[in-house]
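The next block holds one structure in the form of structure tokens; read it before the comments.
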Amino acid sequence: MSKLGNKQLRKNRVRAIVSGTTDRPRLSVFISNTHVSAQIIDDVSGKTLVSATSVGAKLTGTMSEKSALIGAELGKKAKKAKITRVVFDRNGRAYAGRLKALADAARNEGLEF
């Protein structure tokens, strides 16, 4: 198995359990080598409720700092959309570093997960 194949197995295992509902939508995170994207999704209706990304933004700093900024931005948008509780979808990634920075920033803005 390759690294990407192993990540896909972890992702599928998590997604088999984690699903967003109207009451508690799913917070999905994607982190590439240069950018961070996060969105809150209602899987029942198949719609993205809130999203934030570093693509096109003039963010500077390390990837952890970018992740924290995106997490804070997502938390503010979620609060404006009256979303307080979400289910966290790690997308097959380990909960450390960049992912932890994004999650902590979102929690500081009032999201519960």
Side-chain angles (χ1 to χ4, degrees):
M1 265 283 146
S2 66
K3 258 187 176 182
L4 194 58
N6 288 336
K7 181 180 176 194
Q8 191 64 42
L9 285 174
R10 287 190 305 270
K11 181 178 179 175
N12 291 343
R13 188 168 53 236
V14 170
R15 285 290 289 126
I17 300 167
V18 174
S19 180
T21 63
T22 307
D23 298 333
R24 201 162 174 187
R26 175 171 56 99
L27 168 56
S28 179
V29 178
F30 174 76
I31 301 173
S32 73
N33 288 338
T34 54
H35 294 291
V36 180
S37 296
Q39 53 186 349
I40 297 178
I41 305 163
D42 178 5
D43 288 319
V44 175
S45 63
K47 292 186 178 176
T48 299
L49 307 173
V50 179
S51 68
T53 182
S54 66
V55 177
K58 301 288 186 220
L59 298 178
T60 58
T62 64
M63 282 298 290
S64 293
E65 292 167 353
K66 286 182 186 179
S67 296
L69 290 172
I70 295 301
E73 182 182 339
L74 189 75
K76 289 174 187 167
K77 286 182 178 181
K79 192 181 293 183
K80 191 178 276 188
K82 296 186 173 93
I83 299 169
T84 56
R85 299 182 69 210
V86 295
V87 178
F88 193 57
D89 179 8
R90 301 177 290 119
N91 241 343
R93 296 183 70 91
Y95 184 81
R98 301 167 184 175
L99 192 65
K100 186 174 186 316
L102 186 140
D104 289 342
R107 281 191 185 105
N108 289 340
E109 291 296 327
L111 276 181
E112 288 181 34
F113 53 93

task = Step by step, work out the side chain to side chain contact (heavy atoms under 4.5 Å, CB included) result for R93 and K11.
result = CA-CA 8 Å; R93 296 183 70 91; K11 181 178 179 175; over 6 Å; no
key: Test side chain to side chain contact (heavy atoms under 4.5 Å, CB included) applied to K100 and D104, step by step   = CA-CA 6 Å; K100 186 174 186 316; D104 289 342; 3.1 Å; yes
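The distance from atom CG of N91 to atom CG of L27, rounded to the nearest 0.5 Å, is 10.0 Å. Atoms CD and OG1, from E112 and T84 in turn, are 6.0 Å apart once rounded to the nearest 0.5 Å. Going from atom CG of L49 over to atom CD1 of I40 covers 7.0 Å, rounded to the nearest 0.5 Å. Rounded to the nearest 0.5 angstrom, K76 NZ and L111 CG are separated by 12.5 Å. Here F30 contributes atom CZ and H35 contributes atom NE2; the two are 10.5 Å apart, rounded to the nearest 0.5 Å. Put simply, CZ on R85 and OG1 on T21 are 9.0 Å apart, with the number rounded to the nearest 0.5 Å.
A chain of hydrophobic side-chain contacts below 4.5 Å, direct or via other Ile, Leu, Val, Met, Phe, Trp or Tyr residues, connects L59 to V29. V18 and I41 are members of different hydrophobic clusters when ILVMFWY side chains are connected at heavy-atom separations under 4.5 Å. Hydrophobic clustering of Ile, Leu, Val, Met, Phe, Trp and Tyr side chains at less than 4.5 Å, counting indirect connections, unites Y95 with V36.
S51 approaches T48 most closely through the heavy-atom pair CB-CG2, 4.2 Å. Here the closest non-hydrogen pair linking A81 and V50 is CB-CG2, 3.9 Å. Among all heavy-atom pairs drawn from S64 and A101, the shortest one is O-CB, 3.6 Å.
Between the side chain of D43 and the backbone N or O of G20, at least one donor-acceptor pair lies under 3.5 Å. For the pair R10 (side chain) and G92 (backbone), a donor-acceptor distance under 3.5 Å is present. In this structure, the side chain of R107 does not engage the main chain of G110 through any donor-acceptor pair within 3.5 Å. Side chain of R24 to main chain of V86: a donor-acceptor pair is present (N/O by atom type, distance under 3.5 Å, no hydrogens or angles).
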Donor-acceptor contacts, no H, no angles, side chain residues 65-74, under 3.5 Å, sequence neighbours left out:
from	atom 1	to	atom 2	distance (Å)
E65	OE1	T62	N	3.0
K66	NZ	T34	O	3.4
S67	OG	M63	O	2.9
E73	OE2	K77	NZ	3.4

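Side-chain contact between R98 and L102 is absent, with no heavy-atom pair separated by less than 4.5 Å.
By the ring pair (Phe, Tyr, Trp, His ring centres under 6.0 Å) test, F113 is found to be paired with F88, residues two or more places apart in sequence or in another chain being considered.
Grouping Ile, Leu, Val, Met, Phe, Trp and Tyr by side-chain contacts under 4.5 Å, direct or through others, leaves I17 on its own.
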